[in-house]
Novice: 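Right, I'll just put the structure down here and ask away after.
Values in this document were obtained by computation on a predicted structure and should not be read as measured data. Keep in mind that the numbers below use all heavy atoms, side chains included, and drop hydrogens, waters and symmetry copies.
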Amino acid sequence: MQKDTICKTVRQYNKEPISEEDMKKLQEIADDYSKVKNYVYQRYGGIGALSKLYPGYTIQNEMTASGLREQLDLPSVYFYLAVFDAIKDIKSQWTKTKAKVLARINKNEGFNEKEKHYLRFLLKTDKAMDAILQYGIVILPESLQKQYYSLLGKVDSKKLDQYLRRQIRWVHLKPHTGRAEGFSIGERAYRYADGGIYLSIKEKRKRIFVALTDKNQYNRQLYVKLYPKQHRIELKVPIDVKVKKNPYYNNELGVAIGMVSMLTTDKGHVYGEKLGEYQKGFSEWVQVQTSRYYPNRETGTERKKYQAKKHRIEEQIHSYINQELNCFLRKEQPKKIYMAKLPKANVSGSIKQVNFSVTMWQRGYIRKRLRQKCEEQSIQIVEVFGKGISKECSKCGKEGKKKEGKFICPFCGHCIAEKTNTACNAKKRGEEGQIVK
């Protein structure tokens, strides 16, 4: 079922340069915000604090009692948002840890299906996993407890528990932030007026005024990103926007995402043909700059120039990607898009330049932006199984060969552009129900 609204981030900018004094006050908040987050990461990011993460009130109470807020003299509106941001990051890190351990379990040929099922159960059930990590007794709600006991009797739990502990301790990392680029701000800490926004600072009953380039006003949590060198800030505002549904968008099509040509449809239409050119130029520039930078990596000025130019080039590529995606949706008018779910890009080839180009590939950004634009227009994206999708003939289903951008089937003689063949297979698999759920 399609959503009626989706969350979208809009941005606001300062109209005039922010004074050195005001920027210093904002930077002080950002520095303290970062210190609070790192304190929470260090204290609660490890294995011993897993039980305190849900629902998180224990951490909030302990942080109140820690005296850190008084020590930093940080207003509560910033202090508790920093705590909650840190808790969210720790939870995200645990999600990554579980995914990595699960992948290792699935690949381990030494386990049978019952043993893998037992380990998956522990990973999925936080209370059970926490008890195992702490060498405690697993106590769960009645239905889960029965399920746990039924699995327990079929495996060597002592060996598997030890394996899980070892893997998690090996994989899990505590988050850390070394940058103080900004901070979140709640409704009580700002006020829109006089063509700008008043932001609370550490001094009691005082706010600084920032004139804005637009007159929009919001009443939700914002994120203030600082650019001290440029004397500017950026306000990031998450808003719910109504989904638009175009009655003329009725087509169903398969697509293939590529590194040379961005998007190819099952009809052979290509969008983003210059992407490969841009990405090649970008990767070559990064290679040259990296080789120049590392011998002189102690010079911070050169590093900042490199990062600034790299950001500009990436923004240009992103702008091109968005233009081509808009063109794709406008011309193809889809109501449903079938797209293969592919593994991570392989960078284990023998040619270093190709490997480097693959690492710079914007595939993740393309997929993210395509999803965002489709959600905004109520277009459904369906992921299909991607295994062997580029080697399969879209006409007869047998395995063919790829040569110089063409797909050739030795069985039925079908000859077609490689990416068009992949897009046709994506649509075919989607219509046959080979869908990733």
Novice: Given side chains that start at C-beta, do those of Ile321 and Tyr278 come closer than 4.5 Å, heavy atoms only?
Specialist: no
Novice: For the residue pair Ser390 / Lys402, report whether a side-chain donor-acceptor contact shorter than 3.5 Å exists.
Specialist: yes
Novice: Any carboxylate oxygen within less than 4.0 angstrom of a Lys/Arg side-chain nitrogen, looking at Arg43 and Glu62?
Specialist: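 Salt bridge between Arg43 and Glu62, a charged N being under 4.0 Å from a carboxylate O: yes.
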Novice: Go through the side-chain N and O atoms of Lys373 and Asn326 and say whether any donor and acceptor fall under 3.5 Å apart.
Specialist: yes
Novice: Is the Tyr192-Tyr190 ring centre distance short of 6.0 angstrom?
Specialist: yes
Novice: I'd like to know whether Lys244 forms a salt bridge (Lys or Arg N to Asp or Glu O under 4.0 Å) with Glu375, so could you lay out the CA-CA distance, the side-chain angles of the two residues, the decisive distance to 0.1 Å, and finally the verdict.
Specialist: CA-CA 9 Å; Lys244 299 175 184 176; Glu375 284 181 2; over 6 Å; no
Novice: Side chains of Asn38 and Tyr33 only: does a donor on one sit below 3.5 Å from an acceptor on the other?
Specialist: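 Note: Asn38 and Tyr33 side chains miss the donor-acceptor criterion.
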Novice: Can you check whether Cys374's main-chain N or O pairs, donor with acceptor, with Ser378's side chain at less than 3.5 Å?
Specialist: no
Novice: How long is the gap from CG on Asn251 to NZ on Lys331, to the nearest 0.5 Å?
Specialist: 14.5 Å
Novice: OG1/Thr5 to NZ/Lys242 distance, rounded to the nearest 0.5 angstrom?
Specialist: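 Here the rounded value is 10.0 Å.
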Novice: What distance separates Ile132 CD1 from Ser157 OG, expressed to the nearest 0.5 Å?
Specialist: 7.5 Å
Novice: Compare every heavy atom of Pro334 with every heavy atom of Leu329, then report the nearest pair and how far apart it is.
Specialist: O-CD, 3.7 Å
Novice: Is Tyr78 close to Ile185 at the side-chain level, that is, under 4.5 Å between some pair of heavy atoms?
Specialist: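 Counting from C-beta outward, Ile185 and Tyr78 do come under 4.5 Å.
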Novice: Which class fits the ring pair His172 and Trp94: parallel under 30°, tilted 30 to 60°, perpendicular over 60°?
Specialist: parallel
Novice: Looking just at side-chain N and O atoms, do Arg369 and Gln372 make a donor-acceptor pair shorter than 3.5 Å?
Specialist: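 Absent: no donor and acceptor within the cut-off.
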Novice: Any side-chain to backbone donor/acceptor pair from Lys174 onto Gln42? Under 3.5 Å, distance only.
Specialist: yes
Novice: To the closest 0.5 Å, what do you measure between CG (Leu164) and CG (Leu123)?
Specialist: 5.5 Å
Novice: Would you check if Ser184 and Leu222 make a side-chain contact, meaning some heavy-atom pair closer than 4.5 Å?
Specialist: no
Novice: Does the side chain of Thr9 pick up a donor-acceptor pair with the side chain of Tyr223 at under 3.5 Å?
Specialist: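 Per modelled atom types, Thr9 and Tyr223 side chains form no pair under 3.5 Å.
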Novice: Does the Gln134 side chain pair with the main chain of Ile47, one donor and one acceptor, at a distance under 3.5 Å?
Specialist: yes
Novice: When you check the gap from the basic side-chain N to the acidic O, do Asp126 and Lys98 get nearer than 4.0 Å?
Specialist: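 Looking at Lys98 together with Asp126, the answer is yes, because their closest N to O distance falls below 4.0 Å.
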Novice: Is it true that atom NE2 of His117 has more than 12 heavy atoms of other residues, nucleotides or ligands lying nearer than 6.0 Å?
Specialist: no
Novice: Is the shortest side-chain heavy-atom distance between Leu152 and Tyr118 below 4.5 Å?
Specialist: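 Yes, close enough: below the 4.5 Å cut-off.
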Novice: May I ask you to establish whether Arg191 and Tyr198 are in a cation-pi arrangement, using a distance under 6.0 Å from NZ or CZ to the six-membered ring centre and at most 45° from the ring axis?
Specialist: yes
Novice: Counting only N and O atoms by type, is there a donor-acceptor contact under 3.5 Å from the side chain of Ser19 to the main-chain atoms of Asp22?
Specialist: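 Here the side-chain-to-backbone pair exists.
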Novice: Evaluate the criterion side chain to side chain donor-acceptor pair (under 3.5 Å) for residue pair Asn322 and Tyr365; output intermediate values, then yes/no.
Specialist: CA-CA 10 Å; Asn322 281 296; Tyr365 181 79; 2.9 Å; yes
Novice: Looking at every heavy atom in both Val384 and Ala426, which two are closest together, and how far apart are they?
Specialist: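 Nearest pair, atom of Val384 first, then Ala426: CG1-O, 3.7 Å.
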Novice: Do Glu21 and Lys25 meet the salt-bridge criterion of a basic N to acidic O distance under 4.0 Å?
Specialist: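 Looking at Lys25 and Glu21, the cut-off is met.
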Novice: Look at the side chain of Thr125 and the backbone N and O of Lys127, then say whether any donor-acceptor pair between them is shorter than 3.5 Å.
Specialist: no
Novice: If the plane angle is over 60° it's perpendicular, under 30° parallel, otherwise tilted; pick one for Phe282 and Trp285.
Specialist: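 Rings of Phe282 and Trp285: parallel, as their planes differ by under 30°.
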Novice: State whether Glu332 and Lys267 are salt-bridged, where the test is any N-O pair (Lys NZ or Arg NE/NH1/NH2 against Asp/Glu carboxylate O) under 4.0 Å.
Specialist: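 Looking at Lys267 together with Glu332, the answer is no, because their closest N to O distance does not fall below 4.0 Å.
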Novice: Taking 4.0 angstrom as the limit, do Lys202 and Asp32 come out as a salt bridge?
Specialist: yes
Novice: Is the side chain of Thr64 donor-acceptor paired with the backbone N or O of Gln60 at a distance under 3.5 Å, no angle test?
Specialist: yes
Novice: Just checking Glu20: does its CD atom have more than 12 heavy atoms from other residues, nucleotides or ligands closer to it than 6.0 angstrom?
Specialist: no
Novice: Please examine the side chains of Lys274 and Met262, heavy atoms only from C-beta on, and report whether any two atoms are closer than 4.5 Å.
Specialist: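 No; the side chains remain at least 4.5 Å from each other.
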Novice: Between the side chain of Asp194 and the main-chain N/O of Gly196, is any donor-acceptor distance below 3.5 Å?
Specialist: no
Novice: Thr97 side chain to Gln93 main-chain N or O, any donor-acceptor pair under 3.5 Å?
Specialist: yes
Novice: Please check if the side chain of Lys116 supplies one atom and the backbone of Asn106 the other of a donor-acceptor pair under 3.5 Å.
Specialist: yes
Novice: Should we count CZ of Arg220 as having more than 12 external heavy atoms under 6.0 Å?
Specialist: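 For Arg220, atom CZ is crowded (more than 12 foreign heavy atoms under 6.0 Å).
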Novice: Taking Gln12 as the fixed residue, which of Asn216, Val210, Thr213 is the one that meets the side-chain contact (heavy atoms from CB on, under 4.5 Å) rule?
Specialist: Asn216
Novice: Does the pair Lys37/Asp89 count as a salt bridge with the N-to-O cut at 4.0 Å?
Specialist: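 Counted as a salt bridge, because a side-chain N and a carboxylate O are separated by less than 4.0 Å.
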Novice: Return the minimal non-hydrogen interatomic distance between Gly430 and Ile435, and the atom names on each side.
Specialist: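 Heavy atoms of Gly430 and Ile435 come nearest at O-CD1, 3.9 Å.
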Novice: Is there a donor-acceptor pair closer than 3.5 Å between any side-chain N or O of Lys427 and the backbone N or O of Glu252?
Specialist: yes
Novice: Could you tell me whether Glu28 and Lys24 make a salt bridge, using a distance below 4.0 angstrom between a side-chain N and a carboxylate O?
Specialist: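 Looking at Lys24 together with Glu28, the answer is no, because their closest N to O distance does not fall below 4.0 Å.
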Novice: Among side-chain atoms of Tyr135 and Asp161, is any donor-acceptor pair under 3.5 angstrom?
Specialist: no
Novice: Enter the distance from His231:NE2 to Ile233:CD1 here, rounded to the nearest 0.5 Å.
Specialist: 13.5 Å
Novice: Evaluate the side-chain proximity of Lys310 to Gln289: yes if any heavy-atom separation is below 4.5 Å, no if none is.
Specialist: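 With C-beta onward as the side chain, the pair stays apart.
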Novice: Thinking salt bridges, do Glu115 and Arg120 make one under a 4.0 Å N-O criterion?
Specialist: no
Novice: Do the non-hydrogen side-chain atoms of Leu50 and Met129 ever get within less than 4.5 Å of each other?
Specialist: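 Result yes, sub-4.5 Å side-chain heavy-atom pair found.
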Novice: Step through the shown structure and confirm whether more than 12 heavy atoms of other residues, nucleotides or ligands are within 6.0 Å of CD on Glu432.
Specialist: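 Yes.
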Novice: Starting at CD of Glu234, measure out to CZ of Arg232 and round the result to the nearest 0.5 Å.
Specialist: 6.5 Å
Novice: Please work out which of the three classes, parallel, tilted or perpendicular, describes the rings of Phe328 and Tyr271, given edges at 30° and 60°.
Specialist: perpendicular
Novice: For the residue pair Trp170 and Lys100, establish whether any side-chain heavy-atom pair is separated by less than 4.5 Å.
Specialist: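 No - every pair of side-chain heavy atoms lies 4.5 Å or more apart.
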